[in-house]
Amino acid sequence: MKQLFRQKLIVWFKENKRDFPWREQANWYKTYLSEMLLQQTQAVQALPYFHKFISRYPDIASLAAAKEDDILTLWAGLGYYARARNMHKAARIILEKYNGNFPQKWNETLALPGIGAYSAAAILSIAFNKPFAVVDGNVLRVLSRIYAIGDDIRKAAVIKEFQRLADELLDTKQPGDFNEGMMELGATVCLPATPKCDDCPLRELCRAFKDKRQPNFPFKSPPAPKKNIKQFVLLFKNGQRLFVRRRPANGLLARMWEFPVLETEKLSLTKKELQKLLRKEIKLETEISVILNKMTHIYSHIKLEYVPVLITAEKGETEWSETPQKKWLSVPALEESALHGAHKKILTLPAFKKLM
DNA sequence: AATACGGGGGC
DNA sequence: GCCCCAGTATT
C-alpha cells in the first residue's frame, strides 16, 4: 500500500506539475522565498510577488542588505506582513550566522523567524532532499479523504496525527517530489468543494471515494465570529498631499502606513456632528470638506467598516511636522507605499479621485 | 490549546 | 456570503 501510494503519486506529479518560476533552475533561495510567499497564499497570487522579489533581491545577501521598509513596501497587498519582517530577520541570520548558506539541520531551520514545521520540511525536502514530510492544508485534505479521517483539522493535536501519518507515508528517497506531489494533488485535483476524482492517481486507494463521501472530509469546526470595528478615516489634505502615519511595531498591519483613524460607535453622523467630534478628539482647527460613503474591509478575524473624511489642513502646526513616523505624500507616492490595503482602496474610489 | 494575523479567488 | 489558501508566532 505505501509503495503503491508513493509510486502513483510521484509518477502523476512528474507528468502533471504546473510550471512555476521557483521550479525552474531551482536553488535554495528560490525555494525559501517561494515558501515564505506561499504560506496561506495561493500560487497564482504569490506569482507576481515572486518575480518582484527575485528581480529586486536576487540572492540572500541582497535581501539581508535591504531596508525593512523597502521589503514591506514590496510585500504590500499580499497580507500576513509578519512574513515579510520575519523573512528579513531570517535573511540576516542566514548571512551572518550561517555565512550565507541555508542551515540544513532541522532544529536550526525551525529556529529561523517565520519558519515553522511546514516550511522547514518543505525547504529541507525540496531544496536539500532531506526526509521530512510536509503537512499543509492540501495534505490534510488529501489524507483525510484517503483514510476517511473525520477529526477536526482546526485542532493542533489532530494536525499532529496527520504529521505522523505523513511521516510514515513519505518516500524518503524522493522526499521533495513526494511532498510537492501531495500538495499539487490537493491544489489541482483533490479540491475542497468539487474534487476531480476521475483524474486522481490515488482514487483506488481512497476510502472517501469508495464510500462516495468525499465532501465529508476534511472536517473543520466553524470559525470564531469576526469582531466588528467602525472608524472614520481622516484624510488631511494640504495641497496635493495627504497625511499618513506609521502603525505600531506590533499587532495588526504592524509598521505599515495608514491615514489617521478615529474609532466610533456610530458611522452615520452629520457633518456638524462629526465636526464637533473631531474638535473634541484632535484639538485642531480643521474643516471637513467631504464625507465619503461607507466602505467595508474584511480581515481574517475582523470586519472593518469605515468612512473616509476629507479634511483641509493648514500646515505649520507641530502635529503636521514630518518625522520617521509621519509624513505627507502625494497620491502616486501613496499608491507605491506600504499603505495598507483598506486605505489603498480609498485611493481607487472615483469620488476620492475627483477631490484630488 | 486557542487566538491573532490579510487579502484574493472560487463557487 | 462563505470557505479556502504551500502556516507561524504569541498568548
Side-chain angles (χ1 to χ4, degrees), chain A residues 13 17-18 20 22-23 30-50 72 75-87 89-90 109-127 132-142 152-160 162-163 166 176 178-188 190-195 215 218-227 229 247-248 250-256 296-304 338 340-345:
Chain A
F13 175 62
K17 65 177 169 184
R18 293 168 291 176
F20 288 126
W22 47 88
R23 287 177 173 163
K30 288 184 186 174
T31 304
Y32 167 67
L33 173 62
S34 70
E35 291 302 339
M36 297 305 101
L37 293 170
L38 287 164
Q39 287 171 11
Q40 292 292 287
T41 304
Q42 297 188 167
V44 288
Q45 207 179 329
L47 213 43
Y49 288 84
F50 182 85
L72 217 45
W75 199 282
L78 195 61
Y80 282 176
Y81 299 95
R83 291 184 289 173
R85 303 192 310 272
N86 283 329
M87 184 172 78
K89 285 186 208 158
T109 300
L110 204 58
L112 291 172
I115 294 192
Y118 163 77
S119 299
I123 297 163
L124 291 177
S125 65
I126 295 169
F132 300 106
V134 299
V135 174
D136 71 336
N138 293 303
V139 175
L140 290 171
R141 191 165 54 255
V142 170
D152 184 0
I153 61 165
R154 208 180 283 281
K155 296 192 179 304
V158 170
I159 296 180
K160 282 191 176 176
F162 279 96
Q163 181 73 62
F178 179 90
N179 282 335
E180 285 200 87
M182 290 288 282
M183 295 191 281
E184 193 78 358
L185 190 65
T188 62
C190 196
L191 302 172
T194 51
F219 170 68
K220 197 170 188 179
S221 53
K226 290 187 198 304
K227 193 180 5 167
I229 296 180
R247 289 179 58 84
N250 296 303
L252 183 69
L253 305 165
R255 286 181 229 177
M256 302 283 288
T296 303
H297 193 82
I298 305 294
Y299 297 103
S300 49
H301 57 305
I302 293 168
K303 178 182 176 186
L304 173 66
H340 66 74
H343 288 183
K344 266 192 182 163
K345 207 150 69 180

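Every chain is numbered from 1, with letters handed out A, B, ... down the list of sequences.
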message = With rounding to the closest Å, how many angstrom separate the C1' atoms on C:dC3 and B:dG6?
response = 15 Å
ask   = By ring pair (Phe, Tyr, Trp, His ring centres under 6.0 Å), which residues pair with A:Phe219, not counting sequence neighbours?
value = none
Set of residues satisfying ring pair (Phe, Tyr, Trp, His ring centres under 6.0 Å) with respect to A:Tyr49, sequence neighbours excluded = none
key: NZ/A:Lys160: more than 12 non-hydrogen atoms of other groups inside 6.0 Å   = no
inquiry  = As a quick check of understanding, evaluate side chain to side chain contact (heavy atoms under 4.5 Å, CB included) for A:Tyr80 and A:Ser300, giving each step before the final call.
reply    = CA-CA 10 Å; A:Tyr80 282 176; A:Ser300 49; 4.1 Å; yes
request  = For A:Ser34, enumerate each residue passing the side chain to side chain donor-acceptor pair (under 3.5 Å) test, keeping only those at least two apart in sequence or located in another chain.
outcome  = none
ask   = Which class fits the ring pair A:Trp22 and A:Phe20: parallel under 30°, tilted 30 to 60°, perpendicular over 60°?
value = parallel
ask   = Between CE of A:Met256 and CZ of A:Arg247, what distance do you get to the nearest 0.5 Å?
value = 9.0 Å
request  = State, to 0.1 Å, how close A:Leu191 and A:Ala187 come at their nearest heavy-atom pair, and which atoms those are.
outcome  = CD2-O, 3.3 Å
note = Per-nt protein contacts along nucleotides 4-11 of chain C (heavy atom under 4.0 Å; B base, S backbone sugar-phosphate only, - none) come out as SBBBSS--
remark   = chain A reaches DNA chain B, atoms under 4.0 Å from its heavy atoms, from B:dA1 to B:dG9
query = Using Watson-Crick and G-U wobble pairs with both distances under 3.5 Å, what is the 5'-to-3' dot-bracket string of DNA chain C, with [ ] for crossing pairs and | for pairs outside the strand?
reply = |||||.|||||
inquiry  = Quick check on the 6.0 Å ring-centre criterion: do A:His301 and A:Tyr299 meet it?
reply    = no
task = Could you say whether A:Ala82 or A:Lys155 is positioned toward the 5' end of DNA chain B, judged by the nucleotide with the nearest heavy atom to each?
result = A:Lys155
inquiry  = What is the distance, to the nearest angstrom, from the CG atom on A:Asp152 to the P atom on C:dC3?
reply    = 13 Å
request  = Grab the two heavy atoms, one from A:Gly114 and one from A:Met36, that are nearest each other, plus how far apart they are.
outcome  = O-SD, 3.8 Å
task = Using the P atom on both, measure B:dG8 against C:dT8 and round to a whole Å.
result = 22 Å
inquiry  = Under the criterion side chain to side chain contact (heavy atoms under 4.5 Å, CB included), I'd like the reasoning laid out for A:Glu180 against A:Ile126: C-alpha separation, chi angles, the key distance, then a yes or no.
reply    = CA-CA 8 Å; A:Glu180 285 200 87; A:Ile126 295 169; 3.6 Å; yes
ask   = When all nucleic acid strands are considered with a 4.0 Å heavy-atom cut-off, which category describes A:Leu191: base, sugar-phosphate, or nothing?
value = nothing
